[in-house]
Amino acid sequence: MVKIAENEDGIFVWNHNIDAQARLGIISKEKDSLLVDFLKEKFREKNEVNYHMSTSETSNVVEFTDTLSILHFEEFPSQGENNQFSNDRMKWVQMYFSLISMIHHKERSEFVPLASFRAHAEGPLIGYYRAIQNMEESEEKSILNTHLQKLENVKWNISVDEDFVFKIQGETNEELLESFFIGAWAYWLYTAFIVDPRPINLFVELDGLMVDFPVLAEKRKFITFITDSLARLTFQLNMSFTLKSPTLFPIPESLVEHLVIQDIQTADMNWSEIPHFPTKVDEGEIIWEYQKTFRKMKLALADVN
């Protein structure tokens with residue numbers, strides 16, 4: 001547990017190790033979040049493992065880079081059919097090809113070939129990979145193979161301070177979204193094979209370019225799928241999930257129990273419409289929302305044993 005804030009009426013303690021409270025949302029435009037840095041430091045001191053996805057550099061010292069191949073993971077079958085893992089695994093594959101189709105403004109049915117796979121011997125992505133390789137040479141085949149190549153070496157940097165770090169990269173909204181999707185997909189697959197008994201903590205920091213307001217309906221669908229899928233892992237693993245965004249979206253879509261509001265000037269929410277909502281948040285103050293009650297508090301970061 002960690003203490004995050006306090007006021008004259010009490011304290012805000014986050015018990016991140018129980019699944020009923022394992023999801024935290026933060027609304028902030030800060031690039032270097034004091035709260036996120038504090039949480040990572042305290043979790044590290046507890047011998048827990050941090051994973052961090054961000055559009056900015058989160059560490060200057062990289063010990064080495066660990067590359068994950070989604071295609072390699074997909075060479076192995078699920079244990080049994082029609083279970084939660086195999087169903088979710090298929091969802092990632094289907095959403096991936098829908099994302100690529102959206103990026104290139106193409107109808108998926110005319111762009112991505114139909115495919116089948118041998119469920120007892122491989123994952124669903126391999127069926128699509130095989131179908132794409134069997135296509136006649138064309139611009140569409142070339143485009144699809146260019147995207148598939150990005151699944152070969154997904155780089156999660158391992159640093160002295162940050163443990164595991166994935167940098168969401170891209171020059172455009174679409175490139176950032178694809179990078180976010182691939183990094184999250186690799187993490188999701190990786191958790192299915194984790195043997196380390198230590199608790200894990202995933203931090204995702206999105207910037208304004210990714211969640212620019214208004215978020216287009218198509219783009220919103222993919223961001224919601226990613227954050228929802230990552231949040232749901234906290235019910236299956238000894239894992240916490242912290243999502244920071246400059247907007248309210250996609251925090252409510254990510255099943256969070258606790259919301260920390262550090263910036264009330266959000267493009268997608270008029271907080272003044274909420275009765276008794278504070279009109280000002282000074283430096284060092286937050287608004288904590290829990291069970292639909294808003295409390296203005298002072299940051300008071302501390303460890304709770």
- Task: Check whether any side-chain N or O of K42 sits under 3.5 Å from a backbone N or O of M1 as a donor-acceptor pair, and report yes or no.
- Result: no
- Query: Are there more than 12 heavy atoms of other residues, nucleotides or ligands under 6.0 Å from atom NE2 of H104?
  - Reply: yes
- Message: With a 6.0 Å cut-off (strictly less than), is the heavy-atom count around OH of Y129, excluding the residue itself, greater than 12?
- Response: no
- Check: N7 side chain, G10 main-chain N or O, donor-acceptor pair, under 3.5 Å: yes
- For A115 and G127 the tightest heavy-atom approach is CB-O, 3.5 Å
- Query: Considering all heavy atoms of both residues, which atom of G183 and which atom of V154 are nearest to each other, and what is their separation?
  - Reply: CA-CG1, 4.2 Å
- Task: Output yes when a side-chain donor or acceptor of D303 lies under 3.5 Å from a complementary backbone atom of V2, and no otherwise.
- Result: no
- Message: Measuring from atom OG1 of T146 to atom NZ of K150, what distance do you get when rounded to the nearest 0.5 angstrom?
- Response: 8.0 Å
- Task: From the options W92, Y96, F111, F97, select the one residue that forms a ring pair (Phe, Tyr, Trp, His ring centres under 6.0 Å) with Y128.
- Result: F97
- Walk me through it: do R108 and Q94 pass the test side chain to side chain donor-acceptor pair (under 3.5 Å)? CA-CA 10 Å; R108 176 176 164 168; Q94 298 298 341; 2.4 Å; yes
- Message: A side-chain contact here means heavy atoms from C-beta on lying under 4.5 Å apart; do L202 and M53 qualify?
- Response: yes
- Item | E110 bridged to K106 by N-O distance under 4.0 Å | no
- Task: Check whether any side-chain N or O of S179 sits under 3.5 Å from a backbone N or O of E175 as a donor-acceptor pair, and report yes or no.
- Result: no
- Query: Would R220 and E253 satisfy salt bridge (charged side-chain N to carboxylate O under 4.0 Å, His left out), going step by step from the backbone distance to the final call?
  - Reply: CA-CA 10 Å; R220 187 184 187 98; E253 291 82 359; 3.3 Å; yes
- Going hydrophobic residue to hydrophobic residue with side-chain gaps under 4.5 angstrom, can you get from L39 over to I251? no
- Message: Looking only at the aromatic ring of each residue, does the gap between the centers of Y187 and F166 stay below 6.0 angstrom?
- Response: no
- Query: In Å and rounded to the nearest 0.5 Å, what is the CD1 to CD distance from I100 to E174?
  - Reply: 13.5 Å
- May I ask you to say whether K298 pairs ionically with E6, meaning some side-chain N is under 4.0 Å from a carboxylate O? no
- Query: Does K296 reach the main-chain N or O of I286 with its side chain, forming a donor-acceptor pair under 3.5 Å?
  - Reply: no
- Task: May I ask you to decide if T224's main-chain N or O and D228's side chain share a donor-acceptor pair within less than 3.5 Å?
- Result: no
- Message: Could you walk me through whether E139 and L144 satisfy the side chain to side chain contact (heavy atoms under 4.5 Å, CB included) test, starting with their C-alpha distance in whole Å, then the side-chain angles of each, then the deciding distance to 0.1 Å, before giving a yes or no?
- Response: CA-CA 9 Å; E139 180 185 5; L144 289 168; over 6 Å; no
- Rounded distance (nearest 0.5 Å) linking atom CG of N173 with atom CG of L177: 8.5 Å
- Task: Could you please spell out the steps behind the side chain to side chain contact (heavy atoms under 4.5 Å, CB included) verdict for K3 and F12?
- Result: CA-CA 6 Å; K3 175 184 172 184; F12 165 24; over 6 Å; no
- Message: Determine whether a donor-acceptor pair (N or O, by modelled atom type, separation under 3.5 Å) exists between the side chain of S245 and the backbone of L248.
- Response: no
- What distance separates Q262 CD from L35 CG, expressed to the nearest 0.5 Å? 6.0 Å
- Message: A quick test of your reading: do over 12 heavy atoms of other residues, nucleotides or ligands sit less than 6.0 Å from CD of E107?
- Response: no
- Indicate yes or no for a side-chain donor-acceptor contact from S254 to the backbone of V256 under 3.5 Å, with no hydrogens or angles considered. no
- CD1/I182 to CD/Q169 distance, rounded to the nearest 0.5 angstrom? 11.0 Å
- Message: Would you call the rings of F277 and F294 parallel, tilted or perpendicular, taking 30° and 60° as the class edges?
- Response: perpendicular
- Message: Checking T266 against W271: is there a side-chain donor and acceptor pair closer than 3.5 Å?
- Response: yes
- Message: For the CD atom of Q21 and the CH2 atom of W14, what is their distance to the nearest 0.5 Å?
- Response: 9.5 Å
- Any side-chain heavy atom of S109 within less than 4.5 Å of one from L114? no
- Query: Are any side-chain N or O atoms of K141 and backbone N or O atoms of M135, one a donor and one an acceptor, separated by less than 3.5 Å?
  - Reply: yes
- Query: Do W156 and M239 sit in the same hydrophobic cluster, where Ile, Leu, Val, Met, Phe, Trp and Tyr count as joined when their side-chain heavy atoms come under 4.5 Å apart?
  - Reply: yes
- Item | In one Ile/Leu/Val/Met/Phe/Trp/Tyr side-chain cluster, 4.5 Å: V36, V204 | no
- I261-L206 co-clustered via ILVMFWY side chain contacts under 4.5 Å: yes
- Apply side chain to side chain donor-acceptor pair (under 3.5 Å) to the pair W288 and H258, showing each step before the final yes or no. CA-CA 7 Å; W288 170 39; H258 296 285; 3.1 Å; yes
- SB check K221 E218 (cutoff 4.0 Å): no
- Message: Side chains of I158 and D163, heavy atoms from C-beta outward: is any pair under 4.5 Å?
- Response: no
- Test log, rule side chain to side chain donor-acceptor pair (under 3.5 Å), inputs E178 and H147: CA-CA 9 Å; E178 183 182 14; H147 286 280; 2.6 Å; yes
- Closest heavy-atom pair, P124 versus M90, reported as atoms and distance to 0.1 Å, is CB-CE, 3.6 Å
- With the side chain counted from C-beta on, respond yes when D263 and V281 share a heavy-atom pair under 4.5 Å apart, and no when they do not. no
- Query: For the residue pair D19 and T234, what are the closest heavy atoms and their distance?
  - Reply: CB-O, 3.5 Å
- Item | E74 (side chain) donor-acceptor with I70 (main chain) under 3.5 angstrom | no
- Task: For the residue pair T242 and N201, establish whether any side-chain heavy-atom pair is separated by less than 4.5 Å.
- Result: no
- Message: Looking at K46 and E41, is any side-chain nitrogen of the basic one under 4.0 Å from a carboxylate oxygen of the acidic one?
- Response: no
- So W185 and Y190, ring-ring contact (aromatic ring centres under 6.0 Å, His included) or not? Walk me through it. CA-CA 8 Å; W185 190 5; Y190 174 70; over 10 Å; no
- Item | Pair F193 + F73: ring centers closer than 6.0 Å | yes
- Nearest non-hydrogen partners of I4 and L301, listed with the distance: O-CD2, 3.5 Å
- Query: Minimum heavy-atom separation for T191 to W188, with atom names?
  - Reply: OG1-O, 2.7 Å
- Task: Applying side chain to side chain donor-acceptor pair (under 3.5 Å), run through R89 and S78 and close with a yes or a no.
- Result: CA-CA 9 Å; R89 189 181 192 181; S78 300; 2.9 Å; yes
- Is any side-chain N of the basic residue among D207 and K31 closer than 4.0 Å to the acidic one's carboxylate O? no
- Item | Mutual orientation of the aromatic rings belonging to H16 and F43 [parallel < 30°, tilted 30-60°, perpendicular > 60°] | parallel
- Are E48 and R198 within salt-bridge range, i.e. N to O under 4.0 Å? no
- Query: Does the side chain of E205 come within less than 4.5 Å of H52's, by heavy atoms?
  - Reply: yes
